[in-house]
Chemist: 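One structure coming up, written as structure tokens, with questions to follow.
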Amino acid sequence: MSTATTTEVVSRTGEVLKPKKHKGRTIGSVVIALGIAFILVYCLAPFYWMIVSALRQPTEGRSTELIPSPISVENFIAVFDPSNHFARALLNSLIVAGGTTVLVLVLGVFGAYALARLDFRGKVLVMFLIVATSMFPVVTLVVPLLKLFSGGFPWFPFNWINTYQAMILPTISFALPLAVWNLNAFFRQLPVELEQAAMIDGTTRFGAFTRVILPLAAPGVFTTAIITFIAAWNEFLIALTMVNAPLMQTANVAISKFTGISQFDTPYGTKMAAGVIVTVPLIIMVLLFQRRIIGGLAAGSVK
């Protein structure tokens, strides 16, 4: 052959034969692209509609135009009206989500490490019970928790209604099993020889855990912290049930109780603006730490 190209083949008769295109691969690429586009539209369309509705004028709350005209920020101003107590609600959400995340990490780290490293009777049963507790629907536990926190049992004479602990403790009970499960996978993939070497050098098991194992498991701890914070920030039913004082409500509960000019008026624009304010911080946090989140989840699934 006299030609030097690698994309053409010359037959015995001197005819140039072009390589056959893989139609299957082309069709597969198109299907994948269409699937990704559908998922993006399906996930982003509600958020886009929320932003568009928030940027409309308050009198155009029921408008169906895809682009607001004219653009207005009156709904965002109305969100922080003193009667809504929304600034205090954001602070309450931050306290509840932050407190839940800190306590879940402390309890989850020690619980996951014990299940990953210690050998004791009933270890499998304990792990099974931890996972099983996350299967109970929240709605089935709201009424017993409400009676408990309102002092309805003689052995618990504390009235925790309208307090932070009434929202934090139930949220911990639902977030902790997932944290233990995720962190247990991280601790199990770390070699036991690291702790043994540290203990041979004179440190205790707790010292080996805090100085050697915990820094190596930092990606898993960070990922668990973000997932827990998002779950606690979005929690609604527990906060709605345990709190009725306006100054103690979280942001999600406060949004659900926004009122319009009259009793029968629904402030769509104001609620959409409040939804944007609550959602944007989470989106920014996920975008900033998406590599850590994905890397932490992948590292915990591969041994």
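Keep in mind that what you see is a predicted model, and the values were worked out from it rather than measured.
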Chemist: For V31, what residues pass the side-chain contact (heavy atoms from CB on, under 4.5 Å) criterion, not counting sequence neighbours?
Modeler: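 V31 satisfies side-chain contact (heavy atoms from CB on, under 4.5 Å) with I27 only.
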Chemist: For E193 and A197, indicate whether the former's side chain and the latter's backbone hold a donor-acceptor pair under 3.5 Å.
Modeler: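 Not confirmed, E193 side chain does not pair with A197 backbone.
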Chemist: Hey, could you give me each pair passing salt bridge (charged side-chain N to carboxylate O under 4.0 Å, His left out) that has a residue in residues 109-135? Not counting sequence neighbours.
Modeler: R117-E195, D119-K123
Chemist: Sequence neighbours left out, what passes ring pair (Phe, Tyr, Trp, His ring centres under 6.0 Å) with F156? Give chain and number order.
Modeler: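 Scan of F156 (ring pair (Phe, Tyr, Trp, His ring centres under 6.0 Å), adjacent residues dropped) gives F158, W160.
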Chemist: Apply the hydrophobic cluster definition, ILVMFWY joined by side-chain contacts under 4.5 Å directly or through others, and give me every member besides I32.
Modeler: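 Members other than I32 - counting any ILVMFWY side chain reachable under 4.5 Å - are I36, L40.
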Chemist: What residues, two or more places apart in sequence or in another chain, satisfy ring pair (Phe, Tyr, Trp, His ring centres under 6.0 Å) together with F136?
Modeler: none
Chemist: With sequence neighbours left out, what residues match A116 under side-chain contact (heavy atoms from CB on, under 4.5 Å)?
Modeler: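 In terms of side-chain contact (heavy atoms from CB on, under 4.5 Å), with neighbours along the sequence ignored, A116 is linked to N184, F187, R188.
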Chemist: State which residues pass ring pair (Phe, Tyr, Trp, His ring centres under 6.0 Å) with F80; sequence neighbours excluded, sorted by chain then number.
Modeler: F86
Chemist: Using the test side-chain hydrogen bond (donor to acceptor under 3.5 Å, both in side chains), find all partners of N234 that sit at least two apart in sequence or belong to another chain.
Modeler: none
Chemist: Tell me whether V104 shares a hydrophobic cluster with I230, the cluster being built from Ile, Leu, Val, Met, Phe, Trp, Tyr side chains joined at under 4.5 Å.
Modeler: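 As far as the 4.5 Å side-chain criterion goes, I230 and V104 are not connected within one cluster.
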Chemist: Among residues at least two apart in sequence or on other chains, which ones pass ring pair (Phe, Tyr, Trp, His ring centres under 6.0 Å) with W233?
Modeler: F229
Chemist: Please check if the side chain of T100 supplies one atom and the backbone of A97 the other of a donor-acceptor pair under 3.5 Å.
Modeler: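 Here the side-chain-to-backbone pair does not exist.
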Chemist: What I'd like to find out is whether the side chain of E74 reaches to under 4.5 Å of the side chain of R56, using heavy atoms alone.
Modeler: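 Not in contact.
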Chemist: Between N182 and T224 (side chain of the first, backbone of the second, donor and acceptor by atom type, cut-off under 3.5 Å), is there such a pair?
Modeler: no
Chemist: Mind checking what makes side-chain contact (heavy atoms from CB on, under 4.5 Å) contact with D81, not counting sequence neighbours?
Modeler: S83, N84
Chemist: Suppose clustering is done on Ile, Leu, Val, Met, Phe, Trp and Tyr with side-chain heavy atoms closer than 4.5 Å. Which residues sit in the same group as V30?
Modeler: L34
Chemist: Quick one: list whatever passes side-chain contact (heavy atoms from CB on, under 4.5 Å) with S256, sequence neighbours left out.
Modeler: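 Partners of S256 under the side-chain contact (heavy atoms from CB on, under 4.5 Å) test: F236, V253.
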